[in-house]
Amino acid sequence: MTLALKKRPSYSDAEQVAQVLAGDTTAFTRIYTDHHPRVFALLTRILGPVPDRDDLLQESFLQLYHALPAFRGDSSLATFLYRIVSRIAVKAGKRKRREPLTFDSEILERCFGDNNAGKDAQDRQLLEQTFTLLLQIRVERRIAFVLNAVEGLSYQEVGRVLDIAPDAAKQRCLRARRDLKQLLEKRQSEYRAGDIQ
Amino acid sequence: MNSNEPTALDAQVDNLANQLAAVQPQLDDLAHARIGAALQEMVEAGPPSAVPMQSAPPAKRIYALAFALVAAAAVVALLVFGASEQTTTAPSLAVHDNAISPEPAPPKQVPHLEYQEQELADGTTLRIHDDAEVSVKSLPTGQRLHLAQGTIEVYGSHLERPITIVVNDVEVSFFDAVISASVTRKNLVITLSSGEFSIHRDRNTAPKLVSAPGETSIPIGDSSAKRTRARSKKGTKELPQEPPVTTAKTLYLEAEVLMTQGRSDEGVEKLRTLLSMFPQDHRVDDAQLDIARIAYRQNDFATSRTFLTPLAQRATKNALSQSAHYLLCRVEIQQKALGRDRCIKSFRATYPASHRDEELLRVQIEVAHKRGGCAAAESLLSEFSRLHATSANAGRLAPHLRRCSEPERP
(Lines give C-alpha, C1' and ligand atoms only; values in the text may rest on other atoms or scores of the structure.)
Protein backbone atom coordinates (compact mmCIF):
# COMPACT_ATOMS: atom_id res chain seq x y z
CA MET A 1 0.00 0.00 0.00
CA THR A 2 1.30 3.48 -0.79
CA LEU A 3 0.12 6.93 0.00
CA ALA A 4 0.44 9.80 -2.38
CA LEU A 5 1.33 12.80 -0.25
CA LYS A 6 0.55 15.99 -2.08
CA LYS A 7 3.07 18.79 -1.87
CA ARG A 8 2.16 22.31 -0.92
CA PRO A 9 3.32 25.06 -3.27
CA SER A 10 6.79 26.05 -2.09
CA TYR A 11 7.89 29.65 -1.75
CA SER A 12 11.38 31.00 -1.25
CA ASP A 13 12.17 32.75 2.04
CA ALA A 14 12.21 36.14 0.35
CA GLU A 15 8.83 35.48 -1.26
CA GLN A 16 7.31 34.42 2.04
CA VAL A 17 8.64 37.49 3.83
CA ALA A 18 7.41 39.74 1.03
CA GLN A 19 3.97 38.17 1.33
CA VAL A 20 3.89 38.83 5.09
CA LEU A 21 4.98 42.44 4.60
CA ALA A 22 2.35 42.87 1.91
CA GLY A 23 -0.30 41.91 4.47
CA ASP A 24 -0.96 38.32 3.38
CA THR A 25 -2.33 36.94 6.64
CA THR A 26 -1.76 33.31 5.69
CA ALA A 27 1.92 33.78 4.85
CA PHE A 28 3.06 34.12 8.43
CA THR A 29 0.94 31.12 9.44
CA ARG A 30 2.82 29.15 6.78
CA ILE A 31 6.15 30.32 8.19
CA TYR A 32 5.01 29.30 11.68
CA THR A 33 3.78 25.92 10.47
CA ASP A 34 7.02 25.24 8.62
CA HIS A 35 9.41 26.33 11.32
CA HIS A 36 7.80 25.82 14.70
CA PRO A 37 8.69 22.13 15.14
CA ARG A 38 12.38 22.91 14.61
CA VAL A 39 12.25 25.92 16.88
CA PHE A 40 10.46 23.97 19.59
CA ALA A 41 13.00 21.17 19.28
CA LEU A 42 15.86 23.67 19.42
CA LEU A 43 14.46 25.31 22.55
CA THR A 44 14.07 21.88 24.15
CA ARG A 45 17.60 20.85 23.27
CA ILE A 46 19.04 24.08 24.64
CA LEU A 47 16.92 24.58 27.75
CA GLY A 48 15.79 21.05 28.51
CA PRO A 49 12.19 19.92 28.87
CA VAL A 50 11.08 22.99 30.79
CA PRO A 51 7.36 23.78 30.89
CA ASP A 52 7.60 27.36 29.58
CA ARG A 53 9.05 26.40 26.20
CA ASP A 54 5.71 27.14 24.57
CA ASP A 55 5.88 30.71 25.88
CA LEU A 56 9.38 31.06 24.48
CA LEU A 57 8.22 29.60 21.18
CA GLN A 58 5.46 32.18 21.01
CA GLU A 59 7.90 34.94 21.94
CA SER A 60 10.24 33.78 19.16
CA PHE A 61 7.57 34.07 16.50
CA LEU A 62 6.27 37.36 17.87
CA GLN A 63 9.77 38.78 17.61
CA LEU A 64 10.27 37.23 14.20
CA TYR A 65 7.13 38.91 12.91
CA HIS A 66 8.23 42.33 14.06
CA ALA A 67 11.75 41.73 12.79
CA LEU A 68 10.71 40.64 9.29
CA PRO A 69 11.15 44.12 7.79
CA ALA A 70 14.82 43.76 8.71
CA PHE A 71 15.19 40.47 6.83
CA ARG A 72 17.58 41.17 3.97
CA GLY A 73 17.87 37.69 2.57
CA ASP A 74 21.62 37.49 3.29
CA SER A 75 20.94 34.31 5.20
CA SER A 76 18.06 31.88 5.19
CA LEU A 77 14.92 32.63 7.15
CA ALA A 78 15.76 29.67 9.38
CA THR A 79 19.11 31.25 10.30
CA PHE A 80 17.37 34.57 10.89
CA LEU A 81 14.86 32.83 13.16
CA TYR A 82 17.61 30.88 14.94
CA ARG A 83 19.25 34.20 15.81
CA ILE A 84 16.10 35.31 17.56
CA VAL A 85 15.61 31.95 19.26
CA SER A 86 19.22 31.91 20.44
CA ARG A 87 18.87 35.31 22.07
CA ILE A 88 15.66 34.31 23.75
CA ALA A 89 17.24 31.04 24.88
CA VAL A 90 20.28 32.82 26.32
CA LYS A 91 18.08 35.06 28.43
CA ALA A 92 15.87 32.18 29.52
CA GLY A 93 18.91 30.01 30.23
CA LYS A 94 20.47 32.64 32.44
CA ARG A 95 17.22 33.09 34.28
CA LYS A 96 16.87 29.36 34.78
CA ARG A 97 20.35 28.97 36.22
CA ARG A 98 18.91 30.09 39.50
CA GLU A 99 16.08 27.58 39.38
CA PRO A 100 16.39 24.02 40.67
CA LEU A 101 16.76 21.35 38.01
CA THR A 102 13.68 19.15 37.93
CA PHE A 103 12.24 16.98 35.21
CA ASP A 104 8.62 16.28 34.62
CA SER A 105 8.29 12.66 33.53
CA GLU A 106 5.32 13.41 31.28
CA ILE A 107 7.10 16.25 29.49
CA LEU A 108 10.20 14.08 29.23
CA GLU A 109 8.13 11.37 27.61
CA ARG A 110 6.79 13.83 25.07
CA CYS A 111 10.38 14.65 24.10
CA PHE A 112 10.45 11.43 22.13
CA GLY A 113 7.77 12.74 19.85
CA ASP A 114 5.22 10.41 18.38
CA ASN A 115 7.49 7.43 18.33
CA ASN A 116 7.60 7.17 22.07
CA ALA A 117 5.81 3.86 22.02
CA GLY A 118 9.07 1.93 22.08
CA LYS A 119 10.66 4.17 24.66
CA ASP A 120 10.74 2.90 28.19
CA ALA A 121 11.70 4.23 31.57
CA GLN A 122 15.36 3.53 30.84
CA ASP A 123 15.30 5.75 27.76
CA ARG A 124 13.69 8.51 29.73
CA GLN A 125 16.30 8.13 32.46
CA LEU A 126 19.06 8.34 29.87
CA LEU A 127 17.59 11.48 28.40
CA GLU A 128 17.23 12.96 31.85
CA GLN A 129 20.92 12.27 32.48
CA THR A 130 21.82 13.89 29.18
CA PHE A 131 19.91 17.04 30.04
CA THR A 132 21.34 17.05 33.55
CA LEU A 133 24.83 17.15 32.07
CA LEU A 134 24.04 19.58 29.32
CA LEU A 135 22.25 22.07 31.54
CA GLN A 136 25.32 22.36 33.74
CA ILE A 137 27.35 24.12 31.07
CA ARG A 138 27.03 27.80 30.29
CA VAL A 139 24.09 28.58 28.10
CA GLU A 140 26.13 30.39 25.42
CA ARG A 141 28.39 27.34 25.02
CA ARG A 142 25.41 25.03 25.19
CA ILE A 143 23.74 26.84 22.30
CA ALA A 144 26.90 26.71 20.22
CA PHE A 145 27.22 22.98 20.94
CA VAL A 146 23.60 22.25 20.08
CA LEU A 147 23.75 24.26 16.87
CA ASN A 148 26.98 22.62 15.79
CA ALA A 149 26.86 19.05 17.08
CA VAL A 150 23.12 18.46 17.07
CA GLU A 151 21.66 20.75 14.41
CA GLY A 152 24.66 20.21 12.15
CA LEU A 153 25.51 23.86 11.50
CA SER A 154 29.05 24.74 10.48
CA TYR A 155 31.15 27.03 12.67
CA GLN A 156 30.53 29.80 10.17
CA GLU A 157 26.76 29.28 10.39
CA VAL A 158 26.92 29.07 14.19
CA GLY A 159 28.83 32.36 14.15
CA ARG A 160 26.20 33.91 11.93
CA VAL A 161 23.41 32.79 14.24
CA LEU A 162 25.17 33.95 17.38
CA ASP A 163 26.48 37.13 15.77
CA ILE A 164 30.09 36.23 16.51
CA ALA A 165 33.12 35.39 14.37
CA PRO A 166 33.46 31.80 13.10
CA ASP A 167 36.60 31.36 15.21
CA ALA A 168 34.75 32.46 18.32
CA ALA A 169 31.95 30.07 17.44
CA LYS A 170 34.43 27.24 17.08
CA GLN A 171 35.98 28.20 20.41
CA ARG A 172 32.57 28.05 22.11
CA CYS A 173 31.79 24.67 20.61
CA LEU A 174 35.13 23.25 21.71
CA ARG A 175 34.74 24.69 25.19
CA ALA A 176 31.29 23.16 25.43
CA ARG A 177 32.75 19.76 24.46
CA ARG A 178 35.54 20.19 26.99
CA ASP A 179 33.03 21.08 29.72
CA LEU A 180 30.92 18.06 28.85
CA LYS A 181 33.94 15.77 28.89
CA GLN A 182 34.93 17.08 32.31
CA LEU A 183 31.43 16.51 33.62
CA LEU A 184 31.35 13.01 32.15
CA GLU A 185 34.73 12.23 33.69
CA LYS A 186 33.58 13.55 37.04
CA ARG A 187 30.44 11.47 36.87
CA GLN A 188 32.40 8.36 35.98
CA SER A 189 34.84 8.84 38.82
CA GLU A 190 31.96 9.38 41.25
CA TYR A 191 30.31 6.27 39.92
CA ARG A 192 33.50 4.24 40.35
CA ALA A 193 34.00 5.58 43.85
CA GLY A 194 30.44 4.62 44.68
CA ASP A 195 31.06 1.12 43.31
CA ILE A 196 34.15 0.62 45.41
CA GLN A 197 32.40 1.75 48.55
CA MET B 1 48.61 8.99 22.03
CA ASN B 2 47.98 11.97 19.81
CA SER B 3 46.07 14.64 21.73
CA ASN B 4 43.83 15.22 18.72
CA GLU B 5 42.81 11.59 18.59
CA PRO B 6 39.21 11.05 19.67
CA THR B 7 38.99 9.57 23.14
CA ALA B 8 36.29 7.51 24.77
CA LEU B 9 34.99 10.73 26.31
CA ASP B 10 34.72 12.31 22.86
CA ALA B 11 32.63 9.37 21.80
CA GLN B 12 30.41 9.86 24.82
CA VAL B 13 29.96 13.53 23.97
CA ASP B 14 29.01 12.52 20.43
CA ASN B 15 26.58 10.08 21.97
CA LEU B 16 25.05 12.89 23.99
CA ALA B 17 24.66 14.90 20.79
CA ASN B 18 22.98 11.92 19.14
CA GLN B 19 20.57 11.57 22.03
CA LEU B 20 19.70 15.25 21.76
CA ALA B 21 19.21 14.88 18.04
CA ALA B 22 16.65 12.18 18.76
CA VAL B 23 14.68 14.64 20.87
CA GLN B 24 11.64 15.51 18.79
CA PRO B 25 9.32 17.13 21.28
CA GLN B 26 5.65 17.58 20.56
CA LEU B 27 4.07 20.90 21.28
CA ASP B 28 1.09 20.49 23.55
CA ASP B 29 -2.06 20.99 21.50
CA LEU B 30 -3.46 23.54 23.88
CA ALA B 31 -0.27 25.55 23.64
CA HIS B 32 -0.37 25.11 19.88
CA ALA B 33 -3.87 26.53 19.77
CA ARG B 34 -2.98 29.38 22.10
CA ILE B 35 0.09 30.37 20.10
CA GLY B 36 -1.81 30.06 16.86
CA ALA B 37 -4.53 32.38 18.17
CA ALA B 38 -2.01 34.92 19.45
CA LEU B 39 -0.11 34.97 16.17
CA GLN B 40 -3.31 35.17 14.18
CA GLU B 41 -4.42 38.17 16.18
CA MET B 42 -1.05 39.82 15.68
CA VAL B 43 -1.07 39.17 11.96
CA GLU B 44 -4.60 40.45 11.58
CA ALA B 45 -3.61 43.67 13.32
CA GLY B 46 -1.59 44.51 10.20
CA PRO B 47 1.79 43.81 8.66
CA PRO B 48 4.93 44.71 10.63
CA SER B 49 6.07 48.25 10.01
CA ALA B 50 8.88 48.39 7.47
CA VAL B 51 11.84 50.13 9.05
CA PRO B 52 14.87 50.46 6.76
CA MET B 53 17.48 48.27 8.38
CA GLN B 54 20.12 48.06 5.68
CA SER B 55 22.37 50.52 7.41
CA ALA B 56 21.73 49.22 10.89
CA PRO B 57 25.00 48.55 12.70
CA PRO B 58 25.69 45.06 14.05
CA ALA B 59 23.70 44.07 17.08
CA LYS B 60 26.83 43.75 19.20
CA ARG B 61 27.62 47.41 18.80
CA ILE B 62 24.02 48.38 19.38
CA TYR B 63 23.92 46.47 22.63
CA ALA B 64 27.21 47.95 23.70
CA LEU B 65 25.84 51.41 22.96
CA ALA B 66 22.53 50.68 24.68
CA PHE B 67 24.37 49.27 27.67
CA ALA B 68 26.57 52.37 27.87
CA LEU B 69 23.52 54.63 27.68
CA VAL B 70 21.63 52.69 30.34
CA ALA B 71 24.71 52.58 32.57
CA ALA B 72 25.23 56.34 32.18
CA ALA B 73 21.56 56.96 32.93
CA ALA B 74 21.78 54.76 36.00
CA VAL B 75 24.82 56.67 37.26
CA VAL B 76 22.97 59.95 36.78
CA ALA B 77 19.95 58.56 38.57
CA LEU B 78 22.11 57.42 41.45
CA LEU B 79 23.77 60.79 41.72
CA VAL B 80 20.53 62.73 41.48
CA PHE B 81 18.17 60.59 43.49
CA GLY B 82 20.46 58.35 45.47
CA ALA B 83 18.40 55.51 44.14
CA SER B 84 19.42 52.03 45.04
CA GLU B 85 17.85 50.38 42.03
CA GLN B 86 18.63 50.75 38.35
CA THR B 87 16.31 53.27 36.81
CA THR B 88 16.46 55.62 33.88
CA THR B 89 16.14 59.38 34.01
CA ALA B 90 13.11 61.10 32.62
CA PRO B 91 11.93 60.91 29.97
CA SER B 92 13.43 57.59 29.11
CA LEU B 93 12.59 54.03 28.33
CA ALA B 94 14.89 51.15 29.11
CA VAL B 95 13.89 47.90 27.49
CA HIS B 96 15.63 45.25 29.58
CA ASP B 97 14.59 42.17 27.77
CA ASN B 98 13.42 40.68 24.53
CA ALA B 99 14.33 43.27 21.95
CA ILE B 100 11.84 43.07 19.09
CA SER B 101 14.26 43.04 16.21
CA PRO B 102 17.34 40.88 15.90
CA GLU B 103 19.03 43.84 14.27
CA PRO B 104 17.66 46.77 16.24
CA ALA B 105 17.96 50.24 14.83
CA PRO B 106 20.23 52.66 16.67
CA PRO B 107 18.57 54.72 19.39
CA LYS B 108 17.13 57.88 17.90
CA GLN B 109 17.78 61.34 19.22
CA VAL B 110 14.36 62.30 20.53
CA PRO B 111 13.56 66.00 20.36
CA HIS B 112 12.41 67.64 23.57
CA LEU B 113 8.67 67.07 23.65
CA GLU B 114 6.03 66.98 26.33
CA TYR B 115 5.88 63.27 25.85
CA GLN B 116 7.28 60.57 23.64
CA GLU B 117 5.55 57.50 22.35
CA GLN B 118 6.92 53.99 22.21
CA GLU B 119 5.38 50.88 20.80
CA LEU B 120 6.01 47.82 22.94
CA ALA B 121 6.63 44.29 21.68
CA ASP B 122 2.95 43.33 21.82
CA GLY B 123 1.79 46.40 19.95
CA THR B 124 0.81 48.35 23.07
CA THR B 125 1.40 52.08 22.80
CA LEU B 126 3.21 53.66 25.72
CA ARG B 127 3.23 57.44 26.01
CA ILE B 128 5.89 58.69 28.41
CA HIS B 129 5.46 62.19 29.73
CA ASP B 130 8.39 64.50 30.17
CA ASP B 131 8.40 64.07 33.92
CA ALA B 132 8.22 60.27 33.84
CA GLU B 133 10.83 57.83 34.94
CA VAL B 134 9.89 54.39 33.69
CA SER B 135 11.56 51.17 32.73
CA VAL B 136 10.03 48.36 30.71
CA LYS B 137 10.63 44.70 31.30
CA SER B 138 9.26 42.24 28.80
CA LEU B 139 8.70 38.80 30.29
CA PRO B 140 7.02 35.70 28.92
CA THR B 141 4.21 36.44 31.38
CA GLY B 142 3.72 39.97 30.11
CA GLN B 143 5.16 43.46 30.03
CA ARG B 144 6.04 45.13 33.32
CA LEU B 145 6.35 48.90 33.45
CA HIS B 146 8.21 50.06 36.54
CA LEU B 147 7.10 53.61 37.12
CA ALA B 148 9.24 55.58 39.55
CA GLN B 149 7.76 59.02 39.00
CA GLY B 150 5.72 61.13 36.61
CA THR B 151 2.96 60.15 34.23
CA ILE B 152 2.58 57.53 31.55
CA GLU B 153 -0.33 56.61 29.34
CA VAL B 154 -0.87 53.11 28.04
CA TYR B 155 -3.13 51.95 25.25
CA GLY B 156 -3.53 48.18 25.26
CA SER B 157 -6.18 46.32 23.39
CA HIS B 158 -7.11 42.61 23.59
CA LEU B 159 -3.66 41.67 24.81
CA GLU B 160 -2.63 38.05 25.05
CA ARG B 161 -0.51 38.79 28.09
CA PRO B 162 -1.13 41.49 30.66
CA ILE B 163 0.53 44.86 30.99
CA THR B 164 1.48 45.50 34.60
CA ILE B 165 2.35 48.91 35.95
CA VAL B 166 4.49 48.52 39.04
CA VAL B 167 4.91 51.28 41.60
CA ASN B 168 6.61 50.13 44.79
CA ASP B 169 4.37 47.43 46.23
CA VAL B 170 1.40 48.18 44.01
CA GLU B 171 0.76 46.41 40.74
CA VAL B 172 -1.91 47.42 38.27
CA SER B 173 -2.61 44.85 35.52
CA PHE B 174 -4.84 44.87 32.49
CA PHE B 175 -5.42 43.12 29.19
CA ASP B 176 -7.64 45.63 27.51
CA ALA B 177 -7.67 49.23 28.69
CA VAL B 178 -6.75 52.80 27.97
CA ILE B 179 -5.32 54.22 31.14
CA SER B 180 -3.08 56.92 32.45
CA ALA B 181 -0.90 56.33 35.50
CA SER B 182 0.62 59.12 37.58
CA VAL B 183 2.80 58.83 40.63
CA THR B 184 2.42 61.48 43.25
CA ARG B 185 4.28 61.50 46.54
CA LYS B 186 1.84 59.18 48.27
CA ASN B 187 -0.44 57.78 45.61
CA LEU B 188 -0.59 56.12 42.30
CA VAL B 189 -3.44 57.73 40.41
CA ILE B 190 -4.95 55.64 37.64
CA THR B 191 -7.34 57.30 35.21
CA LEU B 192 -9.32 54.73 33.28
CA SER B 193 -10.77 55.82 29.95
CA SER B 194 -11.98 52.43 28.80
CA GLY B 195 -11.60 48.76 29.65
CA GLU B 196 -10.77 47.50 33.11
CA PHE B 197 -7.80 46.83 35.33
CA SER B 198 -7.01 44.99 38.53
CA ILE B 199 -5.00 46.20 41.50
CA HIS B 200 -2.69 43.85 43.36
CA ARG B 201 -0.90 44.77 46.52
CA ASP B 202 0.57 41.52 47.73
CA ARG B 203 -0.04 37.83 47.29
CA ASN B 204 -2.10 37.56 50.45
CA THR B 205 -4.60 40.20 49.44
CA ALA B 206 -7.24 39.52 46.82
CA PRO B 207 -6.84 41.63 43.68
CA LYS B 208 -9.39 44.40 43.20
CA LEU B 209 -10.99 44.88 39.81
CA VAL B 210 -11.87 48.36 38.55
CA SER B 211 -14.02 48.67 35.47
CA ALA B 212 -15.71 52.05 35.98
CA PRO B 213 -14.09 54.83 33.94
CA GLY B 214 -12.62 57.59 36.07
CA GLU B 215 -9.86 58.24 38.54
CA THR B 216 -8.66 55.76 41.15
CA SER B 217 -6.14 56.76 43.76
CA ILE B 218 -4.06 53.97 45.24
CA PRO B 219 -1.77 54.58 48.21
CA ILE B 220 1.76 53.47 47.51
CA GLY B 221 4.50 52.20 49.80
CA ASP B 222 7.41 54.08 51.22
CA SER B 223 10.29 53.54 48.86
CA SER B 224 9.67 56.61 46.72
CA ALA B 225 9.32 58.70 49.84
CA LYS B 226 12.64 57.34 51.08
CA ARG B 227 14.30 58.27 47.82
CA THR B 228 13.07 61.84 47.91
CA ARG B 229 13.90 61.99 51.63
CA ALA B 230 10.61 63.72 52.20
CA ARG B 231 8.80 61.03 54.06
CA SER B 232 6.38 62.24 56.63
CA LYS B 233 6.74 60.73 60.07
CA LYS B 234 3.03 60.09 60.12
CA GLY B 235 3.44 57.81 57.15
CA THR B 236 1.20 57.63 54.14
CA LYS B 237 -2.43 58.25 54.69
CA GLU B 238 -4.43 55.17 53.79
CA LEU B 239 -7.66 55.63 51.95
CA PRO B 240 -10.64 53.94 53.57
CA GLN B 241 -10.87 50.38 52.32
CA GLU B 242 -13.96 49.61 50.29
CA PRO B 243 -15.54 46.28 51.11
CA PRO B 244 -14.62 43.92 48.26
CA VAL B 245 -17.58 42.95 46.08
CA THR B 246 -17.24 39.38 44.84
CA THR B 247 -19.00 38.53 41.61
CA ALA B 248 -18.55 35.68 39.18
CA LYS B 249 -16.97 38.12 36.74
CA THR B 250 -14.42 39.44 39.24
CA LEU B 251 -13.54 35.93 40.33
CA TYR B 252 -13.07 34.77 36.77
CA LEU B 253 -11.00 37.79 35.78
CA GLU B 254 -8.87 37.52 38.90
CA ALA B 255 -8.32 33.85 38.14
CA GLU B 256 -7.29 34.72 34.60
CA VAL B 257 -4.78 37.27 35.84
CA LEU B 258 -3.36 34.83 38.37
CA MET B 259 -3.04 32.08 35.78
CA THR B 260 -1.32 34.43 33.36
CA GLN B 261 1.13 35.30 36.10
CA GLY B 262 1.92 31.61 36.48
CA ARG B 263 0.09 31.36 39.83
CA SER B 264 -2.06 28.47 38.64
CA ASP B 265 -2.93 27.10 42.06
CA GLU B 266 -4.27 30.42 43.24
CA GLY B 267 -6.14 30.78 39.94
CA VAL B 268 -7.73 27.36 40.39
CA GLU B 269 -8.75 28.32 43.91
CA LYS B 270 -10.59 31.35 42.50
CA LEU B 271 -12.26 29.22 39.86
CA ARG B 272 -13.38 26.68 42.44
CA THR B 273 -14.81 29.53 44.51
CA LEU B 274 -16.68 30.67 41.43
CA LEU B 275 -18.08 27.18 40.93
CA SER B 276 -19.27 26.93 44.51
CA MET B 277 -20.63 30.49 44.83
CA PHE B 278 -22.19 30.93 41.40
CA PRO B 279 -23.09 27.46 40.08
CA GLN B 280 -25.65 28.94 37.65
CA ASP B 281 -23.32 31.53 36.11
CA HIS B 282 -22.54 31.24 32.42
CA ARG B 283 -18.80 31.20 33.21
CA VAL B 284 -19.07 27.87 35.03
CA ASP B 285 -18.27 25.83 31.93
CA ASP B 286 -15.23 27.94 31.14
CA ALA B 287 -14.09 27.68 34.74
CA GLN B 288 -14.42 23.89 34.67
CA LEU B 289 -12.47 23.67 31.44
CA ASP B 290 -9.75 25.93 32.82
CA ILE B 291 -9.44 23.80 35.96
CA ALA B 292 -9.28 20.68 33.81
CA ARG B 293 -6.56 22.18 31.60
CA ILE B 294 -4.42 23.13 34.55
CA ALA B 295 -4.91 19.73 36.14
CA TYR B 296 -3.90 18.14 32.82
CA ARG B 297 -0.73 20.20 32.72
CA GLN B 298 0.03 19.17 36.28
CA ASN B 299 -0.48 15.51 35.38
CA ASP B 300 -3.49 15.37 37.65
CA PHE B 301 -5.45 13.35 35.12
CA ALA B 302 -8.14 12.21 37.57
CA THR B 303 -9.18 15.80 38.35
CA SER B 304 -8.97 16.69 34.70
CA ARG B 305 -11.23 13.80 33.77
CA THR B 306 -13.73 14.68 36.52
CA PHE B 307 -14.24 18.18 35.13
CA LEU B 308 -14.08 17.23 31.48
CA THR B 309 -16.50 14.32 31.34
CA PRO B 310 -19.71 16.32 31.94
CA LEU B 311 -18.56 19.06 29.57
CA ALA B 312 -17.71 16.60 26.83
CA GLN B 313 -20.96 14.69 27.17
CA ARG B 314 -23.29 17.68 27.15
CA ALA B 315 -26.07 17.67 24.57
CA THR B 316 -25.36 21.11 23.15
CA LYS B 317 -22.22 20.80 21.07
CA ASN B 318 -20.10 23.90 20.81
CA ALA B 319 -16.44 24.95 20.77
CA LEU B 320 -16.18 24.48 24.51
CA SER B 321 -17.59 20.98 24.54
CA GLN B 322 -15.35 20.15 21.61
CA SER B 323 -12.28 21.38 23.51
CA ALA B 324 -13.39 19.40 26.56
CA HIS B 325 -13.95 16.24 24.51
CA TYR B 326 -10.58 16.64 22.84
CA LEU B 327 -8.78 17.20 26.13
CA LEU B 328 -10.54 14.17 27.57
CA CYS B 329 -9.11 12.11 24.70
CA ARG B 330 -5.66 13.58 25.41
CA VAL B 331 -6.03 12.46 29.03
CA GLU B 332 -6.87 8.94 27.82
CA ILE B 333 -3.92 9.00 25.42
CA GLN B 334 -1.51 10.25 28.07
CA GLN B 335 -2.62 7.54 30.43
CA LYS B 336 -2.53 4.98 27.62
CA ALA B 337 -5.99 4.08 28.89
CA LEU B 338 -8.09 1.46 27.18
CA GLY B 339 -10.73 4.07 26.51
CA ARG B 340 -8.54 6.15 24.27
CA ASP B 341 -9.63 4.46 21.07
CA ARG B 342 -13.29 4.78 21.99
CA CYS B 343 -12.82 8.43 22.95
CA ILE B 344 -11.08 9.23 19.66
CA LYS B 345 -13.74 7.43 17.64
CA SER B 346 -16.50 9.27 19.47
CA PHE B 347 -14.74 12.63 19.00
CA ARG B 348 -14.19 12.05 15.30
CA ALA B 349 -17.79 11.01 14.83
CA THR B 350 -19.12 14.04 16.72
CA TYR B 351 -16.79 16.64 15.21
CA PRO B 352 -15.81 15.35 11.77
CA ALA B 353 -14.78 18.82 10.57
CA SER B 354 -12.59 19.57 13.58
CA HIS B 355 -9.00 20.65 12.94
CA ARG B 356 -8.05 18.16 15.65
CA ASP B 357 -9.29 15.29 13.54
CA GLU B 358 -5.93 14.94 11.83
CA GLU B 359 -3.99 14.58 15.04
CA LEU B 360 -6.41 12.14 16.61
CA LEU B 361 -6.58 10.06 13.46
CA ARG B 362 -2.80 9.88 13.48
CA VAL B 363 -2.84 8.63 17.08
CA GLN B 364 -5.54 6.15 16.13
CA ILE B 365 -3.35 4.85 13.30
CA GLU B 366 -0.40 4.44 15.59
CA VAL B 367 -2.43 2.59 18.19
CA ALA B 368 -3.99 0.37 15.53
CA HIS B 369 -0.59 -0.33 13.96
CA LYS B 370 0.90 -1.22 17.29
CA ARG B 371 -1.95 -3.57 18.14
CA GLY B 372 -2.70 -5.23 14.86
CA GLY B 373 0.08 -4.27 12.44
CA CYS B 374 -0.46 -3.04 8.91
CA ALA B 375 -3.68 -4.91 8.42
CA ALA B 376 -5.34 -3.10 11.30
CA ALA B 377 -3.98 0.29 10.27
CA GLU B 378 -4.62 0.01 6.55
CA SER B 379 -8.12 1.45 6.40
CA LEU B 380 -7.17 4.28 8.75
CA LEU B 381 -4.06 5.07 6.69
CA SER B 382 -6.22 5.26 3.58
CA GLU B 383 -8.58 7.56 5.41
CA PHE B 384 -5.66 9.76 6.47
CA SER B 385 -4.40 9.81 2.92
CA ARG B 386 -7.82 10.89 1.73
CA LEU B 387 -8.42 13.56 4.35
CA HIS B 388 -5.07 14.95 5.46
CA ALA B 389 -2.41 14.00 2.93
CA THR B 390 -0.99 17.53 2.74
CA SER B 391 -0.97 18.11 6.48
CA ALA B 392 2.02 18.71 8.71
CA ASN B 393 1.42 15.39 10.45
CA ALA B 394 1.63 13.41 7.22
CA GLY B 395 5.41 13.14 7.55
CA ARG B 396 5.09 11.67 11.01
CA LEU B 397 3.32 8.67 9.60
CA ALA B 398 6.23 7.91 7.33
CA PRO B 399 7.64 5.08 9.53
CA HIS B 400 4.27 3.30 9.48
CA LEU B 401 3.97 3.82 5.77
CA ARG B 402 7.42 2.41 5.14
CA ARG B 403 6.68 -0.64 7.22
CA CYS B 404 3.33 -1.19 5.59
CA SER B 405 4.70 -0.63 2.08
CA GLU B 406 7.37 -3.32 2.42
CA PRO B 407 6.40 -6.73 1.04
CA GLU B 408 5.69 -9.18 3.81
CA ARG B 409 8.40 -11.70 4.49
CA PRO B 410 7.50 -15.37 4.53
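So you know, we letter chains A, B, ... as the sequences are listed, proteins then strands, and number each from 1.
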Donor-acceptor under 3.5 Å (A/T79 side chain, A/S75 main chain): no

At a 4.5 Å cut-off on heavy atoms, which part of A/F40 comes close to chain B: side chain, backbone, both, or neither? both

Can A/T26 and A/T29 be counted as having a side-chain donor-acceptor contact under 3.5 angstrom? no

Heavy-atom contact with chain A under 4.5 Å, split by part of B/N18: neither

Rounded distance (nearest 0.5 Å) linking atom CZ of B/F384 with atom CD of B/Q364: 11.5 Å

What do you reckon, is NZ of A/K170 surrounded by more than 12 foreign heavy atoms closer than 6.0 Å? no

With respect to chain B, which residue among A/Y32, A/F145, A/Y65, A/F61 yields the maximal number of heavy-atom pairs within a distance under 4.5 Å? A/Y65

Region of A/L183 that comes under 4.5 Å of a non-hydrogen atom in chain B: neither

Using the test side chain to side chain donor-acceptor pair (under 3.5 Å), find all partners of A/R178 that sit at least two apart in sequence or belong to another chain. none

Residue A/T44 versus chain B: region with a heavy atom under 4.5 Å: side chain

Interface moiety of A/L43 toward chain B, non-hydrogen atoms closer than 4.5 Å: neither

Is it the side chain or the backbone of A/E151 that comes within 4.5 Å of chain B heavy atoms, both, or neither? neither

Residues in side-chain contact (heavy atoms from CB on, under 4.5 Å) with B/E256, at least two apart? B/Y252, B/L253

Can a donor-acceptor pair be found, under 3.5 Å and without considering hydrogens, that links the side chain of A/D13 to the backbone of A/S76? no

Measure distances from A/R53 to the heavy atoms of chain B and classify the residue's part below 4.5 Å as side chain, backbone, both or neither. side chain

With a 4.5 angstrom heavy-atom cut-off, which part of B/L20 approaches chain A: side chain, backbone, both or neither? both

A/T25 versus chain B, the contacting section by heavy-atom distance below 4.5 Å: both

